[in-house]
Amino acid sequence: MFSVYILTYNEELDIAPCIESAMLSDDIILVDSCSSDRTVEIASCYPVRIFSHPFESHGKQRTWMLESIQPKYEWVYILEADERITPQLFAECEQACQNPEYIAYYVAERVMFMNRWIRHSTQYPRYQLRLFRHGKVWFTDYGHTEREVCDGPTGFLKETYPHYTSGKGLSRWIEKHNRYSTDEAKETLSQLSSGKINYKNLFFGNSEVERRRALKDLSLRVPARPLVRFMYMYFVLGGCLDGRAGFTWCTLQAFYEYLILLKVWEMRNMPTATLDTDLLKIPNKLV
């Protein structure tokens with residue numbers, strides 16, 4: 001058996017099916033970022049432990065959660081409210097917990113958008129670290145999200161999980177990515193100032209995770225990023241095979257890239273910019 005952490009903020013539409021998908025575990029821990037809707041009220045109807053902590057960033061929230069809330073079991077699974085654990089994935093996780101060779105496992109997500117699995121343009125299988133031994137994994141911030149720091153070897157599970165990215169509607173998706181783009185703009189300036197591309201991982205990375213992260217670092221330096229991203233996702237990855245939902249997904253991702261570039265310009269040129277001056281000296285042609 002393993003414990004399940006669920007991270008929430010205003011997730012009243014998703015929290016019930018999310019919890020129900022995880023109830024094969026008898027230790028579900030909900031960490032709420034001070035929601036203003038009925039998230040906590042709904043969650044309290046289930047046998048879960050509920051904690052509240054103000055949100056600072058994804059990495060810091062996970063670090064606080066792992067340091068402050070002791071799980072019942074040695075192994076833990078991090079679950080987002082718009083994700084689900086399938087019975088097949090739960091069973092594979094139970095088996096993986098008994099393997100002493102690894103301290104953590106990556107699981108591939110299936111992006112669900114407009115009632116369809118976006119298989120091609122999402123770089124499937126795209127892996128996220130979800131299952132790990134408590135005390136062996138920590139998180140740092142990167143852009144709008146986080147990256148894991150693992151104290152030991154990691155493995156990959158065969159089963160996947162569904163990720164309902166637009167379950168709350170397109171308005172919520174756009175609102176969320178508007179916030180994300182601010183953090184990504186800051187990360188873009190930071191990477192262009194002091195970051196570097198790991199070409200070894202880009203071409204010869206040992207896993208999809210290493211190759212994808214190196215590709216992202218490269219993409220920050222590509223001119224006309226929004227157009228390039230659309231062409232890459234829609235034609236190279238095969239988003240055109242995902243129908244109307246695939247076209248919409250690729251268009252929104254290109255719009256997201258353009259929003260990041262607009263905010264990079266704003267941070268470098270508007271008097272309200274708050275980044276370090278060293279980051280603002282990057283030539284315009286790079287962004």
Side-chain angles (χ1 to χ4, degrees), residues 2-25 27-35 37-40 42-43 46 48-66 69 71 75-87 89-90 93 104-113 117-118 122-132 134 137-148 157 159-170 172-177 179-180 183-184 209 212 249 256:
F2 55 92
S3 299
V4 177
Y5 287 109
I6 301 178
L7 295 152
T8 62
Y9 176 69
N10 288 346
E11 301 288 356
E12 63 180 5
L13 296 180
D14 275 325
I15 191 57
C18 176
I19 292 175
E20 289 170 4
S21 76
M23 287 188 66
L24 287 173
S25 171
D27 186 36
I28 301 176
I29 304 164
L30 186 139
V31 181
D32 184 71
S33 300
C34 304
S35 293
D37 66 359
R38 298 178 58 243
T39 298
V40 172
I42 296 171
Y46 294 89
V48 302
R49 292 191 279 158
I50 301 175
F51 298 85
S52 180
H53 184 258
F55 183 85
E56 296 180 71
S57 67
H58 290 279
K60 291 179 180 178
Q61 190 76 341
R62 282 164 169 74
T63 296
W64 177 87
M65 173 183 74
L66 295 172
I69 306 172
W75 285 79
V76 299
Y77 187 103
I78 291 184
L79 181 65
E80 301 279 359
D82 56 0
E83 301 170 355
R84 308 289 182 264
I85 300 181
T86 65
L89 174 57
F90 195 95
C93 286
Y105 291 91
Y106 289 89
V107 187
E109 65 175 346
R110 286 180 284 115
V111 174
M112 310 300 293
F113 181 74
W117 175 21
I118 309 299
T122 55
Q123 295 176 285
Y124 178 85
R126 186 172 65 174
Y127 289 90
Q128 307 291 340
L129 190 130
R130 285 292 179 261
L131 180 70
F132 56 92
H134 188 261
V137 174
W138 306 101
F139 294 90
T140 59
D141 291 319
Y142 185 94
H144 80 272
T145 183
E146 76 288 334
R147 284 190 175 178
E148 64 280 354
L157 299 185
E159 293 294 335
T160 63
Y161 65 88
H163 181 190
Y164 297 93
T165 58
S166 63
K168 305 174 194 64
L170 290 176
R172 176 69 180 269
W173 190 97
I174 293 172
E175 173 194 352
K176 181 170 64 175
H177 282 75
R179 289 186 282 107
Y180 288 171
D183 293 331
E184 289 294 332
V209 176
R212 170 164 47 88
W249 178 260
Y256 178 46

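Side-chain atoms are counted along with the backbone in the values below, which use heavy atoms only and exclude waters and symmetry mates.
- Between His134 and Leu66, some side-chain heavy-atom pair lies under the 4.5 Å cut-off.
- The pair Asp141-Arg62 fails the salt-bridge criterion, with no side-chain N (NZ, NE, NH1 or NH2) lying under 4.0 Å from an Asp/Glu carboxylate O.
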- Task: Could you walk me through whether Tyr106 and Glu148 pass the side chain to side chain contact (heavy atoms under 4.5 Å, CB included) test, one step at a time?
- Result: CA-CA 11 Å; Tyr106 289 89; Glu148 64 280 354; 2.6 Å; yes
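- A side-chain hydrogen bond (donor to acceptor under 3.5 Å, both in side chains) with His163 is found for one member of Glu80, Glu109, Arg84 and no other, namely Glu109.
- There is a side-chain donor-acceptor pair under 3.5 Å between Asp37 and Thr39.
- The neighbour count for Lys168 NZ, taken as heavy atoms of other residues, nucleotides or ligands under 6.0 Å away, is above 12.
- Looking at Val107 and Leu89, their side chains come closer than 4.5 Å, going by heavy atoms from C-beta outward.
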- Item | Intermediate values then yes/no, ring-ring contact (aromatic ring centres under 6.0 Å, His included), Phe2 and Phe90 | CA-CA 9 Å; Phe2 55 92; Phe90 195 95; 4.5 Å; yes
Please walk me through it: do Val48 and Ile29 pass side chain to side chain contact (heavy atoms under 4.5 Å, CB included)? CA-CA 6 Å; Val48 302; Ile29 304 164; over 6 Å; no
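- Qualifying side chain to side chain contact (heavy atoms under 4.5 Å, CB included) partners for Tyr9, counting only residues two or more places apart in sequence or in other chains: Ser33, Ser35.
- To the nearest 0.5 Å, atom OG of residue Ser21 and atom CD1 of residue Ile85 are 5.5 Å apart.
- Considering CZ of Phe113 and CD1 of Ile118, their distance stands at 7.0 Å, rounded to 0.5 Å.
- Within the model, atoms CD of Glu20 and CD1 of Ile28 stand 10.0 Å from one another, a figure rounded to the nearest 0.5 Å.
- In this structure, a donor-acceptor pair under 3.5 Å is present between the side chains of Gln61 and His53.
- Between the side chains of Tyr161 and Gln128, no donor-acceptor pair is found at a separation under 3.5 Å.
- Residues Trp64 and Val31 have side chains in contact (heavy-atom distance under 4.5 Å, counting atoms from C-beta outward).
- The shortest distance between side-chain heavy atoms of Tyr256 and Glu184 falls below 4.5 Å.
- Defined by atom type and a distance below 3.5 Å, a donor-acceptor pair is present between the side-chain atoms of Thr8 and Asp32.
- There is no side-chain donor-acceptor pair under 3.5 Å between Thr140 and Arg147.
- Across Phe132 and Ala104, no two heavy atoms sit closer than the pair CB-CB, 3.5 Å.
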